[in-house]
Structures are given as C-alpha cells and as structure tokens.
Amino acid sequence: MVLARQRGWLLEDVDGNTYADHVSAWGSAPLRGSSRVADAMDACERSLGMQNTAYTISEPVVELAERIVEISPEGLTRVAYSLSGTLAVEGSIKLAREATGRPMILGFLGQYHGESTYLTAGSSTDLAEVTTQHAQFAPGLVFIPYPNAYRAPFHRGAGPFDDTATLDYLEDWVLVHQVEPGEIAGVLIEPVLGEGGIIAPSPAFWERLQAMCRRWGWKLILDEVQTGLGRCGTMFAAERYGIRPDLMLLGKGFSGGGQPIGAILGTEEIMARSTLALGGTFAWTPPSAAGALANIDAILDTGALENVMLMERTALDVLGPLVRDVEHVGDVRASGAYIGVEFVQDKISIRPAPAFHRAVHRAALRRGVLGLTQWGKWVYRLQPPLDMPIDLFHWSCEQVAEAVRETASDPPPEPALLIDRERAS
Ligand code: PMP
C-alpha cells in the first residue's frame, strides 16, 4: 500500500481506497482532528528554526521541560532530551548503571524497546535468529517472561492465571542461580506490553515488583514510549496502574505527530548529579519542542482522554463477544485505545494462530480498516488516534468483527510450531 493522503481519521492510498486509521503512525500521532501541533511547529520554524539545543537553549525547550515535569508522576523532577524512543531507552540504561554502579538490567520476554544494537538484543519481540546475532555483543541483560494472565509459560491452556508467577520464577530461580540481586541496576518494563500483544499486568504484580525494587535497590525504568500521552486513558499508564517509576521514557505520541522527540524523566537522586550526555544534535529542536508542548495542551483541552475510555468500552462491547462465538479468538484486551484481539488455533491448546491473524488483517483492509499487524504475530491491534469520533470507531470495530467471522468460516492452515511460522506466511 502506498499512501496518497491523510484526511482526519482516514487514510487514502494512491489507488483511491480509504481506510479508517487504526495505526496512528504506530502510536506517534495522538490527535488527527487538531492542527495545533502543526501550527505551533510552523510558527517556531519561522521564529527560531533549527538550533542545537544541547548548546543554545531556547524558550519552547524550557517551557516543554517545565510542563512535562509538572504533569509527570510524583517524584520525577528532571528531564533529559532525547530524539526517539530507542535513544530514551538507551539513555535510561546508562542512567540506571551510573546511579547504582551495577551492571545488569532485568527485562521481560516479549517486550520491544528499539533498534539499536543493544536494544535489538534487549527487545525479545525480534526473531531469535536476529536477537542472537546481536545478543553476543550485548552483555548485561537478563530476562524473565512478561506477566501474562492469559498465556503463561508454565501453564497449559488459557488463563486467567496468577501473573505474579513470573516473579516466583525470578525469586526462586533467576536470583538464586543466575544473577545476584545486588548486581541489578534497573528493571526495564512496559506498563502495558505493546508489540508483544496488549497485556496489562495485575495490580498484585506491580505491588510485588515495586516492593522487590525497593528491597534490592533496583531502579524501576518504565518504558512509556507507546503508552504515554494518553494511549491508556490517562496521561501516563503509570497513573492508571498506580506505578511509581524512578525513570520514565517518552517518544512516539510525545511528538504529537510532529517532529521526532523523546524524553527521559527521572528522580533527583538519579539525574541531578549525572555527568552523562544524553541528547544529540537533533534532540529537542525548538520546533519539535513547540509541537510537543502544543500536543500536551491539545490532549488535555479536547477531551481526548475521556474519548479514549469510551473507545475502550466500545471495543470490549463489540469485539469482546467474539471470544464466546469464535473458536479462533482466544482473548480480547483493551487498555484505553490500545486494543488487541488474540488469535489461537483452538481454545483448549491456545496454540498461536499467525495465519488466521494475517487473514483477518486482509479481510479488515477490504472492509476499510487499517489495523496493526506484524509478520509472525497473532495479536491483531487497533490503535486509533485518541480523538477518533466514536461513531467511526464503533463502525471500525464492527468491520473487524465481521472480518473475524469471515475468516472463521474458512480458516487457513497454521504452522505446527511457532518457530515454523514463516511457513504460514
Ligand atoms: N519502546 C516501545 C515500548 C516501543 O513500542 C517502541 C517503538 N515501537 C520503542 C521503544 C522505540 O521507539 P522508536 O521507534 O521511536 O525508536
């Protein structure tokens, strides 16, 4: 598909086909119904233009720094410039190591953090063959499974399971046999697993993980690159799930769909005395900062957060019944406008169904909905702009439900093992 234009919440390709936009530039364009970000950037482009913020600071940069700290979770009083999500995550790992003098980072299988060499090894959504190419050059990482109440690695069949079992594994196995707790600098975690399939851990998980962080002195690094700026119905997922991070990372939606920009928010203890250089030439150019600033106000002024919660309810109402009606639908999950439909070969084995997933994506496209899919995955995602009118969103969910039913009437063959998934493509 080659895009020709975007009109509000619709995307048009060069052949004249129109699609409801459930991609939002992969979560980077929170609002499609407002020109405030573009207007602010245009004006700033004319008044200040490109500046190297690490050397010559400017007004929009100072204002953005103050504003983002003001609305961030309690305890996060400092912000460092960044250019993208990847660079924000990289910077946070450096900060956690600097603050603690410890080498190791604890991550979770299924997460995604970016495409640098280190994060390709640290992002376990990549194929093993890709990860291993880079992992041998990226020491200092240890992984446990992401908490998942539906699909838990030590259980057979479908949940709901107690998702804190992964912390039993950490305490009883990893910390005993693999890595000393006092060697861990930070815990890198997405508040809701995104690329790994829209999974929101339980309150019990967060409580116990945070207690472990306090006990062992681990810095809690919350990757809000995709959840931040309203995606989950609160400005940050940390608010919705009662998480108190030591470091919080922003990218994607922080830009307001404008120019690339990211941020590392952190505590006084970690950031006040840091000697690290975390920015770079293009980090926080004045127009990107002006756009990000306008975006924060626009999200708060336009009732986008309330709309997100309405979309969550609508998605669960329209797509939720598929779990009862269709053998291939294992689970439907939503955290605000972050919505996933998990496809399985059957409800007993819950073997993943990537071929079914691909077929649903194509059927939804034919019905005018562009959702998020990736090769080899089996969770279809709807990630609309936060301000999509609820009628259009409701219609889109109905199209996806129809696409699922159509695919279920003649399901494609699936690979026997997930590692054979290329055969299903
Ligand atoms: N963290 C998360 C949770 C992400 O989803 C992504 C991108 N999908 C990144 C980090 C990397 O961000 P970027 O593509 O801006 O480098």
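Worth saying up front: this structure is predicted, and the values here are computed from it rather than measured. For ligands, and for the atoms within them, numbers begin at 1 and follow the listed sequence. We number each residue from 1, following the sequence as shown.
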Heavy-atom distance to atom 8 (N) of ligand 1: which of K252, E224, Q111 wins?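 That would be K252.
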
Would you please test M235 and L300 for side-chain contact (heavy atoms from CB on, under 4.5 Å) and show each step? CA-CA 9 Å; M235 207 50 158; L300 293 173; 4.1 Å; yes

Ligand 1 to [X] polar contact by distance, N or O atoms, under 3.5 Å:
| X | result |
| --- | --- |
| G85 | yes |
| E190 | no |
| T86 | yes |

Looking at F393 versus H22, is the centre-to-centre ring distance below 6.0 Å?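 F393 vs H22: aromatic centres under 6.0 Å.
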
Are Y169 and F154, when compared by the centres of their aromatic rings, separated by less than 6.0 Å?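 Under 6.0 Å, so yes.
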
Any idea which protein heavy atom is nearest atom 10 (C) of ligand 1, and the distance to it?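 Nearest neighbour among protein heavy atoms for atom 10 (C) of ligand 1, to 0.1 Å: H113 O, 3.2 Å.
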
With heavy atoms of [X] as the reference, note each atom of ligand 1 found under 4.0 Å away.
| X | result |
| --- | --- |
| E195 | 5 (O), 8 (N) |
| D223 | 1 (N), 2 (C), 3 (C), 10 (C) |
| Q226 | 4 (C), 5 (O), 8 (N) |

Show the nearest heavy-atom pair for residues [X] and [Y], with the distance to one decimal.
| X | Y | answer |
| --- | --- | --- |
| H361 | Y380 | ND1-CE1, 3.7 Å |
| V79 | A65 | CG1-CB, 3.8 Å |
| D246 | L76 | O-CD2, 3.5 Å |

